[in-house]
Amino acid sequence: MEEGVSKTPSGVKELRQNAAMYSPLTLAYLGDSVLDLRIKEHFVRKANQQVQKYHKEVTAVVSAVSQAAFMDRIEDSLSEEEAAVYHRGRNASVHSRAKNATMAEYKKATGMEALLGYLYLSGQEERLMELIELLLQQHGETGKVG
């Protein structure tokens, strides 16, 4: 986040404008990391186990296929602002794809990650966590994240 930008009500508009300036793939790059960290944190806090077991659980949640199914389920409930960011990410020109997902699934996952990156950069932590918790619920996980 830029130095000097506050999360106070007067600074929220500036945060959102700054977050909107980034390319959708930059937002997706950040959103991927935010999602990965929050999901890993969830499983580590839940139980102390072998790293391979964490990896298997985390991978199931953060896979492009899982993210695409999640977006299919919640897309109609996004705000106009969220939908616009999601569509920018989904429609961005990607030059790769996940090895176990179709291009359509990969693009939806990229859109979701762009949305999460946007929410993170714009200081919308509550909404970010709400979406991550909904994604976890899709996999039978309950409880608060972080």
Side-chain angles (χ1 to χ4, degrees), residues 1-49 51 53-94 96-98 100-101 104-146:
M1 217 178 317
E2 287 185 74
E3 247 182 85
V5 178
S6 70
K7 290 185 181 183
T8 62
S10 61
V12 169
K13 184 176 180 182
E14 185 178 348
L15 278 167
R16 288 183 178 169
Q17 288 172 338
N18 289 338
M21 292 184 342
Y22 290 98
S23 76
L25 294 179
T26 298
L27 292 173
Y29 177 73
L30 181 60
D32 175 65
S33 295
V34 170
L35 177 62
D36 192 56
L37 176 62
R38 297 296 168 86
I39 298 299
K40 285 179 178 177
E41 181 182 7
H42 168 77
F43 285 109
V44 167
R45 288 180 184 273
K46 181 179 165 185
N48 189 5
Q49 57 188 1
V51 173
K53 290 180 182 178
Y54 288 134
H55 179 72
K56 185 176 180 182
E57 291 175 322
V58 169
T59 303
V61 176
V62 302
S63 73
V65 173
S66 171
Q67 290 179 37
F70 176 70
M71 289 313 298
D72 285 342
R73 211 177 89 225
I74 69 148
E75 185 177 1
D76 290 340
S77 66
L78 297 177
S79 71
E80 282 184 45
E81 174 186 16
E82 292 169 345
V85 173
Y86 167 68
H87 289 123
R88 279 182 58 217
R90 188 193 65 197
N91 296 333
S93 291
V94 292
S96 62
R97 87 166 212 234
N100 296 316
E105 290 168 330
Y106 187 72
K107 286 175 140 310
K108 288 177 185 179
T110 302
M112 179 186 148
E113 290 169 350
L115 174 57
L116 296 180
Y118 174 80
L119 293 172
Y120 177 80
L121 279 180
S122 64
Q124 298 180 62
E125 185 74 17
E126 190 174 310
R127 179 61 171 155
L128 171 68
M129 298 310 285
E130 179 183 336
L131 291 178
I132 292 172
E133 287 169 6
L134 287 171
L135 176 62
L136 280 164
Q137 287 173 11
Q138 176 176 289
H139 293 274
E141 293 292 320
T142 59
K144 292 281 183 194
V145 176

Legend entry - Lys/Arg N to Asp/Glu carboxylate O, Glu57 vs Lys53, below 4.0 Å: no

Inset, instruction - Nearest 0.5 Å please: distance from the OG atom of Ser23 over to the OH atom of Tyr29. - result: 12.0 Å

Inset, instruction - State, without any angle test, whether Glu105 and Gln67 hold a side-chain donor-acceptor pair at a distance under 3.5 Å. - result: no

Legend entry - Met21 CE to Thr26 OG1 distance, which is reported to the nearest 0.5 Å: 11.5 Å

Legend entry - Within residues 60-78 or reaching into it, pairs that qualify as salt bridge (Lys or Arg N to Asp or Glu O under 4.0 Å) - sequence neighbours excluded: Asp72-Lys108, Glu75-Arg90

Inset, instruction - Indicate the atoms forming the closest heavy-atom contact of Ser66 with Val61, along with that distance. - result: OG-O, 3.0 Å

Legend entry - Side chain to side chain, Phe70 and Leu136, heavy atoms closer than 4.5 Å: no

Inset, instruction - Can you measure from CG (Asp32) to CG (Leu37) and round to the nearest 0.5 angstrom? - result: 11.0 Å

Legend entry - Non-hydrogen atoms of Ala92 and Leu25 that approach each other most closely: CB-CD2, 3.7 Å

Inset, instruction - Take Leu135 and Leu35 through the side-chain contact (heavy atoms from CB on, under 4.5 Å) test and state the conclusion after the steps. - result: CA-CA 10 Å; Leu135 176 62; Leu35 177 62; 3.8 Å; yes

Inset, instruction - Could you tell me whether the side chain of Gln138 reaches within less than 4.5 Å of the side chain of Leu134, counting heavy atoms only? - result: no

Legend entry - Verdict with supporting geometry, Glu113 and Leu30, side-chain contact (heavy atoms from CB on, under 4.5 Å): CA-CA 8 Å; Glu113 290 169 350; Leu30 181 60; over 6 Å; no

Inset, instruction - Please assess Arg38 against Glu125 for the test salt bridge (Lys or Arg N to Asp or Glu O under 4.0 Å), listing each intermediate value before the final yes or no. - result: CA-CA 12 Å; Arg38 297 296 168 86; Glu125 185 74 17; 2.7 Å; yes

Legend entry - Steps toward side-chain contact (heavy atoms from CB on, under 4.5 Å) verdict (Arg88, Asn91): CA-CA 5 Å; Arg88 279 182 58 217; Asn91 296 333; over 6 Å; no

Legend entry - Distance-minimising heavy-atom pair for Tyr106 and Ala64: CA-CB, 4.4 Å

Legend entry - Contact summary for Val65 and Ala101, nearest pair of heavy atoms: CG2-CB, 3.9 Å

Legend entry - Polar side chain donor-acceptor pair, Gln124 to Ser122, under 3.5 angstrom: yes

Inset, instruction - Flag yes if more than 12 heavy atoms outside His139 fall under 6.0 Å of its NE2 atom; otherwise flag no. - result: yes

Inset, instruction - Give the C-alpha distance, both sets of side-chain angles, the deciding distance and a yes or no for side-chain contact (heavy atoms from CB on, under 4.5 Å) between Leu115 and Leu78. - result: CA-CA 10 Å; Leu115 174 57; Leu78 297 177; 3.9 Å; yes

Legend entry - Spatial distance of atom CD1 (Ile132) from atom CD (Glu41) [nearest 0.5 Å]: 9.5 Å

Legend entry - Exercise: do Tyr118 and Glu82 side chains pair donor with acceptor under 3.5 Å: no

Legend entry - Shortest non-hydrogen contact from Ala47 toward Tyr54: O-OH, 2.6 Å

Legend entry - Donor-acceptor under 3.5 Å (Thr59 side chain, Lys56 main chain): no

Inset, instruction - Kindly say whether Ala83 contributes a backbone atom to a donor-acceptor pair with the side chain of His87 at under 3.5 angstrom? - result: yes

